Amino acid sequence: MNVVMIGSGYVGLVSGACFAEFGANVICVDKDESKINALLNGVIPIYEPGLDDLVKRNINAGRLNFSLQLEAAVSQADLVFIAVGTPTRRGDGHADLKYVYAAAEEIAAYLNGYTVIVDKSTVPVGTAREVRRIVRKANPDADFDVASNPEFLREGSAIGDFMRPDRVVLGVESDRAETMLRELYRPLNLIEAPIHVTNLESAEIIKYASNAFLATKISFINEMSQLCEKVGADVHSVAKGMGLDGRIGKKFLHAGPGYGGSCFPKDTLALIRIAQEHGVSSRIVEAVVEVNASQKAKMVSKIRQALGGSEADKTIAVLGLTFKPETDDMRDSPSLAILPALADKGAIIKAHDPEGVEEARHILPESIQYMDSIEEAVKDSDAIVLMTEWNQYRGMNLDKIKNMMKGKVFVDLRNVYEKDLMQAHGFEYTCVGR
Ligand SMILES: NC(=O)c1ccc[n+]([C@@H]2O[C@H](COP(=O)([O-])OP(=O)(O)OC[C@H]3O[C@@H](n4cnc5c(N)ncnc54)[C@H](O)[C@@H]3O)[C@@H](O)[C@H]2O)c1
């Protein structure tokens, strides 16, 4: 099968490489010339574990290619996936669909023979139908169907998630499109991955509802963490006790600095807007968003309190900037809310992150200093703030770190360490909800 991926970002590149691994002939297209040139030169523009090898293997096998040329790619395609960004539209929280609609318009002219146009981007309900309208208008004679195939991969474990998904959701409106998509995903039959076939609207809602539900679990446990702090309970133990109930499940019950990343913040906002537009209330999701914002603000107060009431002129070593480990993605990371608030009040921030620094430099305040090693960051600091639970922050030599500091405050926003251990090493240790 010939597959074209429009958009070669976190989702397009991983999905394209994985489809090639399944045996399809894949061309990943992007508007960003530097991205395509990098890929053509064997350079992977994002950090995603295992992607390098997967891409190389499939290029060498002749199944994966990259191009700026839409016409040549689309005219050969059986399936064209739209995997462009759908960021929050400035001002109103709605998903900005301009990239999706532009892609639909651009591919319309080059369709050649029956083609399935598949939305892989996370898009509001009704988008697939609008894509169909746009393509039909631009090319009235085209032979095509639209479909919705939302993506559930997680950055940091994207390849494993794509190759061994909990489910594949296919929103279709014709048997022909369903057959093509089932054929593309056929290698997953071996591991009996559930293929859930539904209509376009349901597929579009499944993606937003899933993300909003996961965000709800996070905001819920974060709210519980505040109660735990007040009454002397341990949120870690509370989450474990809750999660052992099969109806609840243990995943996504980790208290921390609030959710971030390229999906949950924008998708919760978009879902609220979609509901509003259809005259439906979404009070739960609204509360989830509110709790998340207040959780980030509470982390600033927590750090301030740990520093004796003021961060002015205090040197803070920040370990981790990305919204989670094993990615370089800085989009909506909690650090983007917490660090500027501290810097604003005069904190001197020395930050370290294994992969996020390059992007962080563009979006965090200029006053923030970036260090090449954990040791450089913590040297002479008044406090350490563990912001992202990268593996290398889990196994630090605590005595060495403590001796390098000027102060002894350790604020663990990911509950990586145990209080007794940290106190035994001489730290004044604060964490979340314990
Ligand atoms: N990142 C994730 O973990 C994740 C997971 C599931 C779903 N999603 C969804 O997938 C979609 C893509 O997300 P992403 O993180 O990969 O975004 P991204 O910003 O990393 O990549 C999007 C790419 O599309 C390109 N592009 C935009 N318009 C184009 C056009 N007309 N033609 C060719 N290329 C074009 C951009 O240059 C960019 O490289 C979003 O809707 C997102 O919500 C993301």
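For ligands, and for the atoms within them, numbers begin at 1 and follow the listed sequence. Nothing here was measured: the structure is a model prediction, and the numbers come from that model.
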When the aromatic ring centroids of F81 and F19 are compared, is their separation below 6.0 Å? yes

Can you say whether the rings of F252 and F264 are parallel (under 30°), tilted (30 to 60°) or perpendicular (over 60°)? tilted

Give me the one residue out of V238, D234, D412 that meets side-chain contact (heavy atoms from CB on, under 4.5 Å) with R434. D234

Heavy-atom side-chain proximity of E359 to D328 below 4.5 angstrom: no

Side chain to side chain donor-acceptor pair (under 3.5 Å) contacts touching residues 240-258 (sequence neighbours left out): D245-R247

Hey, can you tell me if F22 and F162 have their rings parallel, tilted or perpendicular (30° and 60° cut-offs)? tilted

Considering only N or O atoms, set out every pair between ligand 1 and the protein closer than 3.5 Å, with distances to one decimal place.
from	atom 1	to	atom 2	distance (Å)
ligand 1	1 (N)	E155	OE2	2.7
ligand 1	1 (N)	S262	OG	3.2
ligand 1	3 (O)	E155	OE2	3.3
ligand 1	15 (O)	R331	NH2	2.8
ligand 1	16 (O)	Y10	N	3.1
ligand 1	16 (O)	V11	N	2.8
ligand 1	20 (O)	Y10	N	3.2
ligand 1	31 (N)	E106	OE1	3.1
ligand 1	34 (N)	K31	N	3.2
ligand 1	37 (O)	D30	OD1	2.6
ligand 1	39 (O)	D30	OD1	3.3
ligand 1	39 (O)	D30	OD2	2.6
ligand 1	39 (O)	K35	NZ	2.6
ligand 1	41 (O)	T86	OG1	2.5
ligand 1	41 (O)	T122	N	2.9
ligand 1	43 (O)	T122	OG1	3.4
ligand 1	43 (O)	K266	NZ	2.6

